[in-house]
**Q** 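Before I ask anything, let me first share the structure, which is written out below as structure tokens.
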Amino acid sequence: MPEALLDDLNPQQRRAVTAGDGQVLVLAGPGSGKTRVLTRRLAYLITERNIPGYGIIAVTFTNRAARVMEERVKDLIPNPLPEYQVDSIWLGTFHAMCARLLRRESNYLPYKSNFVIFDSDDQESLIKRAIRELNIDDKTHRPGAIHASISAAKNDLLLPEDMPVRTYRDEVVKRVYTRYQQMLAANNAVDFDDLLMVATRLLQEQPGVAERYARRFQHVLVDEFQDTNLAQYELLKQLCSYHKNIFVVGDEDQSIYRWRGADYRNVQRFESDFKGCEVILLEQNYRSTQNVLDAARQVIDRNRNRTPKHLFTARGTGGKLVQYTAVDDLAEAAYVVDTITQYLSSGRAKASDFAVMYRTNAQSRLIEEAMMHARLPYRLVGALRFYGRREVKDMIAFLRLVENPSDEVSLLRVIGVPPRGIGEKTITALQSAAFRAGSSMGEVLLDLGRRGEDSPHWAEMGRSAPVLADFGAMLSDWVALREQTSLVNLFDRIINDSGYEKYINDQTEEGNDRWDNIQELRRLAYDYLEKGLTEFLQNLALVSDQDTLPAESDQPSKAQQGAVTLLTLHAAKGLEFNQVFILGLDEGLLPHSRSRDDPEEMAEERRLFYVGMTRAKNQLYLVRSERRSNYGSWEYSEPSRFLADIDENLVISQGKRTSSRRETLFSDMRWSTTGVSTTNYKPQPRKVELPDTKYKPGMRVRSAAWGEGLVLESKVDSDGEETVDVHFESVGFKRVLASLANLVIIQ
DNA sequence: CCACTCATTTTTTTT
DNA sequence: AAATGAGTGG
């Protein structure tokens, strides 16, 4: 047995890793080595218990977690054993594992095995169409709200016909849900929730299928078990129903997806469903200082209905938490940037040591702007960073249409992109033609494209026929090309044939950005030359926000000292950072106002804060702001109730606790004027002048971001960091760090 | 049919 | 403040 497998584990971890057959529940506090236990357990099963990878399924919630596990397990398995033992494990997210299962078993289902996966935008637009088709008013019944109800039903494994009808709204939801499912089937598409619901119901309703998988999977392992919903829980029970070996790791205190149907009580349900299961508590924390842990515990201990835990660490007391109160949200951002800059210029920390966390994505904008202003490198996890961009979604829609011409959502998205003379009238005509022919718009288009005037649809379409046939011919070419050439060639042909480049790249800065995004997507396609279009599309649909983070093995690039990470509290789960800022500790934001009236929701806000706090290894900053601008007007708030739960001995307070009237007036004058604020943060390195600057006043320089400019002044601080003031022709005055800005001297 | 203007609206978190 | 959606003129 490789010593490394168990050597550096504490007794509880070791007990978990080497547990025998049966059911094991590992309650793992934050930073207690949960991932380590899971990966060692996998390696242990393969090397010591001789379980073939083929007989193991391990589920996670993000692709990133799956990837990290895979890499670490490969490192743990000694060389003589072939890597395929790891590759043959079913290792991935719930959604990816369900998709795999559904594609294999599609003959039992109303889908073809190359079904596409609709993301939330697609879902919403389909629901909207269903609502309109049923002549329901989409003002009183918002598509988003209906969507939420349908999603909740699916997470509870309810088909349309299972929906109880108590109110008029229930009835509306039921009708829309029914129609929506028909439309999905007609599009050969499933949505996120279907992946779980359909897979689970398939196993429940087809005992033969269930048995095949249950026999195959000798061991079932689950990460983040507290975030499972009913569908996922049932799925797991089906999968382990033969061998009855299930190993779950979770922490009730970190359950933060209630709104997605997750139920932390599944942890307790597990104990009662599997009487006599082994329960292992991991309480030693290897991440944070005791001060951070104590503060976090004071916050979480106010929740009821949980297994009490006593986290401890060998890492020492550590520094106190810092609580900062800013006058407004701009000052809040300035405080963060200011603090980080001070660390960086003193050389005591690198950018990747820091994370900035917030409750809502909207909060990221100000921070981003402040970061850019200060020339601090940052990376934004999630949000609309890439896959949500219009141009990316357009390209994906083209590709999906090639994969599956019946995909009406994608068809409607791109049929007029770029504009080609196809408008509402034409689309309606096309729709009814498809309806009459008992096929789909895509099929009609293809027919028009292939047979032209000979097509029975030609006359039907009147004077729209030529444009439709053109588009159909183009689509038909692509469909044929898909078989003959590589994914990247197909990609290029679509761009060329459709004239998409000219359409989005108007040579403005934004146009170039959009084009860059397309190129980035093209680069991603290279990874799927072997695997093909179907898998490319599936992975595009199932990427999560966290997946944009590099796995730990990918070190930050050589030149850069990494970047500050900006992310929501939700996206922060499972990660850790040396120094963590949590922003917006205000009533109404954290806890969020929508949770105010529901104790369960409030408890979840508390857990969310707890998750954020326990990400910090060494230093935790709790930041709030007395007012912030929201929808264009000021919103004032009280300090978050969570702040009051932390013992003041653990905290140093900075910033104005109460601002005097004069300060308020003053800041009004500073911030409320429209236009560019003159008081935006600017880094102020210590003014110890050293003679040798690389850039001298009067030099002309060029920067990648801003073009040409004139150096006004340059100084080097005691750490050898050179700060240059430049007047750029494009954007005017900027103060930049020479090491980051990469200025080229022109003359 | 399309591009532009004006009015209306923003539901926290995400696979 | 910004982004979407409806309505209008070309």
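Just so it is clear, the values below take in all heavy atoms, side chains as well, and ignore hydrogens, waters and symmetry mates. Keep in mind that this is a model prediction, so the values were computed, not measured. Within every chain, numbering begins at 1; the chains are lettered A, B, ... in the order of the sequence lines, protein sequences first and strands thereafter.
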**Q** Can you list the residues that meet the ring-ring contact (aromatic ring centres under 6.0 Å, His included) rule with F609(A), with sequence neighbours excluded?
**A**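 ring-ring contact (aromatic ring centres under 6.0 Å, His included) check on F609(A) returns F642(A).
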
**Q** Using a cut-off of strictly less than 4.0 Å between a heavy atom of the residue and any atom of DNA chain B, enumerate the qualifying residues of residues 584-596 of chain A by number.
**A**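 Only H592(A), R594(A) qualify.
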
**Q** Is a side-chain N or O of E638(A) found less than 3.5 angstrom from the main chain of D586(A), in a donor-acceptor match?
**A**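 No; zero donor-acceptor contacts below 3.5 Å.
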
**Q** Could you work out which one of dC2(B), dT14(B), dT11(B) sits closest to the side chain of N361(A)?
**A**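 The listed nucleotide nearest to N361(A)'s side chain is dT14(B).
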
**Q** Just how far, in rounded Å, is P of dT14(B) from CD1 of I117(A)?
**A**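 From I117(A) CD1 to dT14(B) P: 19 Å.
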
**Q** To the nearest Å, give me how far apart CE (M97(A)) and C1' (dT15(B)) are.
**A**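 Answer to the nearest Å: 13 Å.
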
**Q** Less than 6.0 Å separating the ring centroids of W634(A) and Y636(A)?
**A**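 Ring centroids of W634(A) and Y636(A) are no less than 6.0 Å from each other.
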
**Q** R359(A) side chain: which of dT12(B), dT11(B), dT14(B) is closest?
**A**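 The listed nucleotide nearest to R359(A)'s side chain is dT12(B).
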
**Q** Sort me out a list of protein N/O and nucleotides 5-8 of chain C N/O pairs below 3.5 Å, or just none if empty.
**A**
{"from": "dG5(C)", "atom 1": "OP1", "to": "K128(A)", "atom 2": "NZ", "distance (Å)": "3.1"}

**Q** Taking 4.0 Å as the cut-off, does a side-chain nitrogen or oxygen of S629(A) come that near to OP1 or OP2 on dA1(C)?
**A**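 The answer is no; no side-chain N or O of S629(A) sits under 4.0 Å from OP1 or OP2.
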
**Q** Once you round it to whole Å, what is the distance between C1' of dT15(B) and CG of D194(A)?
**A**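 Result: 13 Å.
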
**Q** With nearest nucleotide decided by heavy atoms, which residue, G144(A) or K425(A), maps closer to the 5′ end of DNA chain B?
**A**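 Per heavy-atom nearest nucleotide, the more 5' residue is K425(A).
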
**Q** Is E601(A) touching bases, backbone alone, or none of the nucleic acid, heavy atoms closer than 4.0 Å?
**A**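 Touches a base.
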
**Q** N630(A): which residues meet the side chain to side chain contact (heavy atoms under 4.5 Å, CB included) condition with it, sequence neighbours left out?
**A**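 Testing N630(A) for side chain to side chain contact (heavy atoms under 4.5 Å, CB included), a comparison that skips the adjacent residues, returns E635(A).
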
**Q** Out of dC1(B), dA2(C), dT14(B), which nucleotide sits closest to the side chain of Y257(A)?
**A**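 When the side chain of Y257(A) is considered, dT14(B) is the closest of dC1(B), dA2(C), dT14(B).
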
**Q** Looking at every strand, decide which applies to L195(A) at a 4.0 Å heavy-atom threshold: base, sugar-phosphate, or nothing.
**A**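 Nothing, no heavy atom under 4.0 Å.
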
**Q** Got a sec, which residues hit side chain to side chain donor-acceptor pair (under 3.5 Å) with S498(A), two or more places apart in sequence or on another chain?
**A**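 Once residues adjacent in sequence are excluded, S498(A) has no partner under the side chain to side chain donor-acceptor pair (under 3.5 Å) criterion.
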
**Q** Starting at atom CG of L366(A), determine the distance to atom P of dA1(C), rounded to an integer number of angstrom.
**A**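 It is 12 Å, rounded to the nearest whole Å.
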
**Q** Is R420(A) touching bases, backbone alone, or none of the nucleic acid, heavy atoms closer than 4.0 Å?
**A**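 Contact class for R420(A): sugar-phosphate only.
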
**Q** Starting at CD of E605(A) and ending at C1' of dT11(B), how long is that distance when rounded to a whole Å?
**A**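 Roughly 13 Å, once rounded to whole Å.
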
**Q** Could you tell me the separation between the NE2 atom of H141(A) and the P atom of dT11(B), rounded to a whole number of Å?
**A**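 Taking NE2 of H141(A) and P of dT11(B), I get 19 Å after rounding.
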
**Q** Which residue pairs pass the ring pair (Phe, Tyr, Trp, His ring centres under 6.0 Å) test when at least one of the two sits in residues 586-605 of chain A, sequence neighbours left out?
**A**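 For residues 586-605 of chain A: none.
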
**Q** Tell me whether W259(A) is stacked on the nucleobase of dT13(B), counting only the six-membered base ring and applying the 5.5 Å and 30° thresholds.
**A**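 According to the criterion (under 5.5 Å, under 30°), yes, W259(A) stacks.
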
**Q** What is the distance, rounded to the nearest whole Å, between atom CD of E604(A) and atom P of dT12(B)?
**A**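 To the nearest whole Å, that distance equals 14 Å.
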
**Q** Is it the case that the side chains of N188(A) and D407(A) hold a donor-acceptor pair, with the cut-off being a distance below 3.5 Å and no angle test?
**A**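 No.
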
**Q** For W90(A), does the six-membered ring have the charged nitrogen or CZ of R100(A) within the cation-pi criterion, i.e. under 6.0 angstrom from the centroid and within 45° of the normal?
**A**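 Verdict for W90(A): a cation-pi partner in R100(A).
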
**Q** Run the salt bridge (Lys or Arg N to Asp or Glu O under 4.0 Å) test against D122(A) and tell me which residues pass, sequence neighbours left out.
**A**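 Counting only residues at least two positions away or on another chain, D122(A) forms a salt bridge (Lys or Arg N to Asp or Glu O under 4.0 Å) with R400(A).
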
**Q** List for me each residue that meets side chain to side chain donor-acceptor pair (under 3.5 Å) alongside Y180(A), sequence neighbours excluded, and say none if there are none.
**A**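 Per chain and number, Y180(A) pairs via side chain to side chain donor-acceptor pair (under 3.5 Å) with D191(A).
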
**Q** According to a strict under-4.0 Å criterion, is R142(A) in side-chain N/O contact with OP1 or OP2 of dT10(B)?
**A**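 True: R142(A) side-chain N/O within range (under 4.0 Å) of dT10(B) OP1/OP2.
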
**Q** Rounded to whole Å, how long is the line connecting atom CG of D227(A) with atom C1' of dT14(B)?
**A**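 Rounding to the nearest Å, CG of D227(A) and C1' of dT14(B) are 11 Å apart.
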
**Q** If you only use heavy atoms from C-beta on, which nucleotide in dT13(B), dT15(B), dT11(B) is closest to the side chain of T93(A)?
**A**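 Of the options given, the side chain of T93(A) lies nearest dT15(B).
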
**Q** Pick the closest DNA chain B nucleotide for T426(A) and for L608(A) by heavy atoms, then say which residue is nearer the 5' end.
**A**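 The 5'-side residue here is T426(A).
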
**Q** Mind checking ring-ring contact (aromatic ring centres under 6.0 Å, His included) for Y111(A) and listing every partner two or more places apart, or none if nothing turns up?
**A**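 ring-ring contact (aromatic ring centres under 6.0 Å, His included) list for Y111(A), sorted by chain: empty.
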
**Q** So, does the side chain of R260(A) form a donor-acceptor pair with the base of dT13(B) at under 3.5 Å?
**A**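 Counting by modelled atom types and ignoring angles, no donor-acceptor contact under 3.5 Å is found here.
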
**Q** From the options dC2(B), dA2(C), dT11(B), select the nucleotide whose nearest atom is closest to the side chain of Y631(A).
**A**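 Given the options dC2(B), dA2(C), dT11(B), the side chain of Y631(A) is closest to dT11(B).
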
**Q** Expressed in whole Å, how much space separates the P atoms belonging to dT4(C) and dT13(B)?
**A**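 Taking atom P in both dT4(C) and dT13(B), they lie 15 Å apart.
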
**Q** Please classify the nucleic acid contact of A145(A) as base, sugar-phosphate, or nothing, using heavy-atom distances under 4.0 Å.
**A**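 The answer is base, as A145(A) lies within the cut-off (heavy atoms under 4.0 Å) of a base atom.
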
